[in-house]
Amino acid sequence: MAARAGLTTERVTRAGADLADEVGFDQVTASELARRFDVKVASLYSHVKNTHDLRTRIALLALEELADRAADAVAGRAGKDALTAFANAYRDYAREHPGRAAAARMRLDPETAAASAGVRHAQMTRAILRGYDLTEPDQTHAVRLLGSVFHGYVSLELAGGFSHSAPDSQETWTRTMDALDALLRNWPSPSPR
């Protein structure tokens, strides 16, 4: 059956990613994917171990796609231009591929995470922050801040949270990039304990 369906691990993973974009990452199961291919679930198990393995593979694919997109966006840029290009790559990817974007936030075991494109994301973020002369531990604080702002903004935007009032979401996004750039250029000293 699997040979007739032309299934490969890559094809199953990509179909799972497409399914995640369509129905939501949390709704992706091996059973649902088997229905899409019109095969028995057992036919998928020669390509993925189970639903968790399928979701992990989707997460790894999404991290890779997002890292490639972000790397292309920031190439040759520095400072605010790099920050904005990186943020826009994340936002655009999440808008085009909401299920994949959710998958990219899946908690991976340490070994899988260390071998994933998530490492490239962190390296790119830190490279952007070097342009702001941030050192540790402030660099780690800034990485977490940027991730929180990008994820939070895009999540609220995709849920329609900004569609009910002016100004338009794009204007707020642009102002948010201005504010982040200003903050990173003027990073506060630690508060006394």
Arg69 and Glu96 ion-paired at < 4.0 Å
yes
Please enumerate all residues that pass salt bridge (charged side-chain N to carboxylate O under 4.0 Å, His left out) together with Arg175, with sequence neighbours excluded.
Asp178
Taking only residues two or more places apart in sequence, or in another chain, which ones meet Asp133 in a salt bridge (charged side-chain N to carboxylate O under 4.0 Å, His left out)?
none
Between Arg120 and Glu64, is a salt bridge (charged side-chain N to carboxylate O under 4.0 Å, His left out) present by the stated rule, with each step listed?
CA-CA 9 Å; Arg120 286 176 54 207; Glu64 188 72 35; 3.1 Å; yes
Looking only at heavy atoms, which two atoms of [X] and [Y] are closest? And how far apart?
{"X": "Thr172", "Y": "Pro167", "result": "OG1-CG, 3.9 Å"}
{"X": "Ala101", "Y": "Arg105", "result": "O-NH1, 3.1 Å"}
{"X": "Leu134", "Y": "Ala142", "result": "CD1-CB, 3.7 Å"}
{"X": "Ala102", "Y": "Phe25", "result": "CB-CB, 3.9 Å"}
{"X": "Ser163", "Y": "Gly160", "result": "OG-O, 2.8 Å"}
{"X": "Ala15", "Y": "Phe37", "result": "CB-CZ, 3.5 Å"}

Report the residues that fulfil side-chain contact (heavy atoms from CB on, under 4.5 Å) with [X], sequence neighbours left out, ordered by chain and then residue number.
{"X": "Leu183", "result": "Leu145, Trp187, Pro188"}
{"X": "Glu136", "result": "Arg126, Gln139, Thr140"}
{"X": "Thr56", "result": "His52, Leu60, Met106, Leu108, Thr112"}

Output all residues satisfying side-chain hydrogen bond (donor to acceptor under 3.5 Å, both in side chains) with [X], sequence neighbours left out; order by chain, then residue number.
{"X": "Thr176", "answer": "none"}
{"X": "Ser169", "answer": "Tyr153, Glu157"}
{"X": "Gln27", "answer": "none"}
{"X": "Gln170", "answer": "Arg91, Thr174"}

Check whether any side-chain N or O of [X] sits under 3.5 Å from a backbone N or O of [Y] as a donor-acceptor pair, and report yes or no.
{"X": "Ser155", "Y": "Gly152", "value": "no"}
{"X": "Asp181", "Y": "Met177", "value": "no"}
{"X": "Thr51", "Y": "Ala30", "value": "yes"}
{"X": "His121", "Y": "Leu63", "value": "yes"}

Quick one: do Val12 and Thr8 satisfy side chain to side chain contact (heavy atoms under 4.5 Å, CB included)? Show the steps, please.
CA-CA 6 Å; Val12 167; Thr8 64; over 6 Å; no
Please list all pairs passing the salt bridge (Lys or Arg N to Asp or Glu O under 4.0 Å) test where one or both residues lie in residues 18-34, with sequence neighbours left out.
Asp18-Arg100, Asp21-Arg100, Glu22-Arg36, Glu32-Arg35, Glu32-Arg36
If you group Ile, Leu, Val, Met, Phe, Trp and Tyr by side-chain heavy-atom gaps below 4.5 Å, do [X] and [Y] land in one group?
{"X": "Leu180", "Y": "Leu129", "result": "yes"}
{"X": "Ile58", "Y": "Tyr93", "result": "no"}
{"X": "Val48", "Y": "Val41", "result": "no"}
{"X": "Val154", "Y": "Met124", "result": "yes"}
{"X": "Val28", "Y": "Leu61", "result": "no"}

Check which hydrophobic residues are tied to Val119 through side-chain heavy-atom contacts below 4.5 Å, counting indirect links as well, and list them.
none
Side chains of Leu66 and Tyr90: does their closest heavy-atom pair fall under 4.5 Å?
yes
Look up atom CZ in Arg144 and atom CG in Leu146, then write down how far apart they are to the nearest 0.5 Å.
12.5 Å
State the CD1-CZ distance between Ile128 and Arg130, to the nearest 0.5 angstrom.
10.0 Å
Decide side chain to side chain contact (heavy atoms under 4.5 Å, CB included) for Leu44 and Leu33; before the verdict, give the C-alpha distance in whole Å, the side-chain angles of both, and the deciding distance to 0.1 Å.
CA-CA 8 Å; Leu44 291 185; Leu33 195 56; 4.0 Å; yes
What donor-acceptor contacts under 3.5 angstrom involve side-chain atoms of residues 81-89, with partners at least two apart or in another chain?
from	atom 1	to	atom 2	distance (Å)
Thr84	OG1	Lys80	O	3.0
Asn88	OD1	Trp173	NE1	2.6
Asn88	ND2	Thr84	O	3.3

